[in-house]
Amino acid sequence: MPRARFSKSSELTRSEKLRISHLRSRLLNWFVENGRDLPWRSPGASDYEKICVEVLLQRTRAETVAGMYRNFFAQFPSWNAIALAPVGELEGVLKPIGLWKRRARSIRALASYAAEHDGQFPSEPSELAQVPAVGQYVANAILLFQHGQPRPLVDINMARVIERYLRPRKLADIRHDPWLQEAAHWLVRCDEPVQVNWATLDFAALSCRTRNPLCQDCCLKKKCNFACNLHLE
DNA sequence: AAATCGGGGCT
DNA sequence: AGCCCAGATTT
């Protein structure tokens, strides 16, 4: 008997994989009608803008960032512009959206790295982990947007959608839960991973909200574990 | 694992 | 008034 048959090659059951594929299909369909129109998603947005905006989005509403997006990138049109600008100038633009001291450090660290590497970040996760201000989420964003890899933007929102639809994760920390990580990867493993990521984040923000989720009108309520449990009360 | 950064919006 | 928001870093 092959030993591989008993070893856990995948965290996901076949049933879970099928359900995730269904989830992906519904999210993409939902996205066509309900997706948000955000400035960093426009075709003209550069890799610089897409990566830099991820720092602006940390613990900050997308709408808040959208409001200062044009102003920010007009003042800092490139990694070099940030690297050459006085720190106080960068901090000043960041103050209205909060976390300005941390964000200024992070963005300047990224700009310094980019300035020395012609705007190119590593395409290997192990190397990305060594870049300052790059955690798991930003690493995935870089792999997704700059290198075209099908990586999931696993934040609390994507986690909530997957966990409600399938089941809660085991570990407290999203980044260290193997099952959740693999589920998220499986979700975006398709021909249009960017669309799936945006669809999931928008769906989480507009429909599958933390408080008062719109389960009544949800296109997933028939198969969603969370929604199904609601009707039992 | 828990605290911290932080201003603004929503309840 | 209190809670939450496209996380990463430090303790």
Side-chain angles (χ1 to χ4, degrees), chain A residues 27 31 34-42 45 47-69 71-73 87-88 90-113 121-122 125-146 150-164 169-177 180-181 184-185 187-188 193-214:
Chain A
L27 288 174
F31 187 59
N34 306 102
R36 291 179 293 185
D37 186 17
L38 299 167
W40 50 91
R41 294 178 179 177
S42 76
D47 284 353
Y48 156 64
E49 290 173 285
K50 291 182 203 171
I51 295 171
C52 188
V53 80
E54 296 299 345
V55 179
L56 303 179
L57 285 164
Q58 288 171 10
R59 305 298 298 165
T60 308
R61 298 173 190 279
E63 293 74 13
T64 301
V65 177
M68 56 83 77
Y69 182 89
N71 182 38
F72 182 90
F73 288 102
V87 185
L90 181 58
E91 290 180 341
V93 182
L94 295 175
K95 277 178 183 174
I97 67 171
L99 297 175
W100 51 276
K101 193 168 297 193
R102 279 182 185 273
R103 259 195 263 263
R105 280 202 305 267
S106 295
I107 292 177
R108 279 188 70 85
L110 286 176
S112 296
Y113 184 96
F121 291 90
S126 58
E127 298 180 26
L128 268 176
Q130 300 172 19
V131 180
V134 176
Q136 190 210 49
Y137 183 93
V138 174
N140 279 325
I142 290 172
L143 295 173
L144 177 70
F145 294 118
Q146 184 165 70
R151 307 288 295 210
L153 302 176
V154 195
D155 69 333
I156 189 63
N157 297 298
M158 178 175 288
R160 184 175 62 255
V161 172
I162 292 174
E163 291 181 79
R164 277 180 175 170
R169 65 180 180 269
K170 302 289 192 205
L171 304 184
D173 195 324
I174 290 173
R175 299 164 299 176
H176 298 117
D177 190 293
L180 178 61
Q181 289 295 322
H185 274 90
L187 178 61
V188 303
V194 173
Q195 296 296 105
V196 178
N197 272 294
W198 288 344
T200 306
L201 293 175
D202 287 3
F203 180 74
L206 301 177
S207 181
C208 194
R209 307 178 295 200
T210 304
R211 295 168 300 179
N212 304 321
L214 307 179

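Here is how names work: the chains are called A, B, and so on, in the same order as the sequence lines, proteins then strands, and each is numbered from 1.
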By nearest-nucleotide position on DNA chain B, the 5'-leaning member of Ala172(A) and Trp100(A) is Ala172(A)

If you restrict it to nitrogen or oxygen atoms, what contacts under 3.5 Å exist between nucleotides 3-5 of chain C and the protein, and what is each distance?
| unit_1 | atom_1 | unit_2 | atom_2 | d |
| --- | --- | --- | --- | --- |
| dC4(C) | O2 | Arg61(A) | NH2 | 2.9 |
| dC5(C) | OP1 | Thr210(A) | OG1 | 3.1 |
| dC5(C) | O2 | Arg59(A) | O | 3.4 |

Going by side-chain contact (heavy atoms from CB on, under 4.5 Å), name the residues that satisfy it together with [X], two or more places apart in sequence or in a different chain.
| X | answer |
| --- | --- |
| Arg108(A) | Ile82(A), Val87(A), Leu90(A) |
| Asp37(A) | none |
| Ile156(A) | Ile174(A) |
| Ala184(A) | Pro152(A), Val154(A), Met158(A), Ile162(A) |

Using whole Å, report how far CZ of Arg108(A) lies from C1' of dA8(C).
-> 19 Å

For atom P, what is the distance between dC5(B) and dA1(C), given to the nearest Å?
-> 22 Å

Whole-angstrom distance between dG6(B) and dT10(C), as gauged at atom P | 14 Å

For Arg105(A), enumerate each residue passing the salt bridge (Lys or Arg N to Asp or Glu O under 4.0 Å) test, keeping only those at least two apart in sequence or located in another chain.
-> none

For Arg160(A), check salt bridge (Lys or Arg N to Asp or Glu O under 4.0 Å) against everything at least two apart and list the hits.
-> none

Using a heavy-atom cut-off of under 4.0 Å over every strand shown, decide if [X] touches base, sugar-phosphate, or nothing.
| X | value |
| --- | --- |
| Val65(A) | nothing |
| Leu153(A) | nothing |
| Leu94(A) | nothing |
| Glu63(A) | nothing |
| Arg41(A) | base |

Please report, to 0.1 Å, the donor-acceptor pairs under 3.5 Å made by any side chain of residues 48-55 of chain A, with sequence neighbours excluded.
| unit_1 | atom_1 | unit_2 | atom_2 | d |
| --- | --- | --- | --- | --- |
| Tyr48(A) | OH | Phe76(A) | O | 2.6 |
| Glu49(A) | OE1 | Ser46(A) | N | 2.9 |
| Glu49(A) | OE1 | Ser46(A) | OG | 3.3 |
| Glu49(A) | OE2 | Tyr69(A) | OH | 3.0 |

Could you give the start and end, 5' to 3', of the contact zone on DNA chain B for chain A, using atoms under 4.0 Å from its heavy atoms?
-> dT4(B) to dG9(B)

Quick one: does Asn157(A)'s side chain have a donor or acceptor within less than 3.5 Å of a partner on Cys208(A)'s backbone?
-> no

Is a side-chain donor or acceptor of Ser106(A) paired with a backbone partner of Arg102(A) at a separation under 3.5 angstrom?
-> yes

Could you name each residue pair satisfying side chain to side chain donor-acceptor pair (under 3.5 Å) that touches residues 57-68 of chain A, not counting sequence neighbours?
-> Arg36(A)-Glu63(A), Thr60(A)-Arg103(A)

Could you list, one pair per line, each protein nitrogen or oxygen that sits under 3.5 Å from a nitrogen or oxygen of nucleotides 9-11 of chain C, together with the distance?
| unit_1 | atom_1 | unit_2 | atom_2 | d |
| --- | --- | --- | --- | --- |
| dT9(C) | OP1 | Ala133(A) | N | 2.5 |

Listed by chain and number, what are the side-chain hydrogen bond (donor to acceptor under 3.5 Å, both in side chains) partners of Asn34(A), not counting sequence neighbours?
-> Trp30(A)

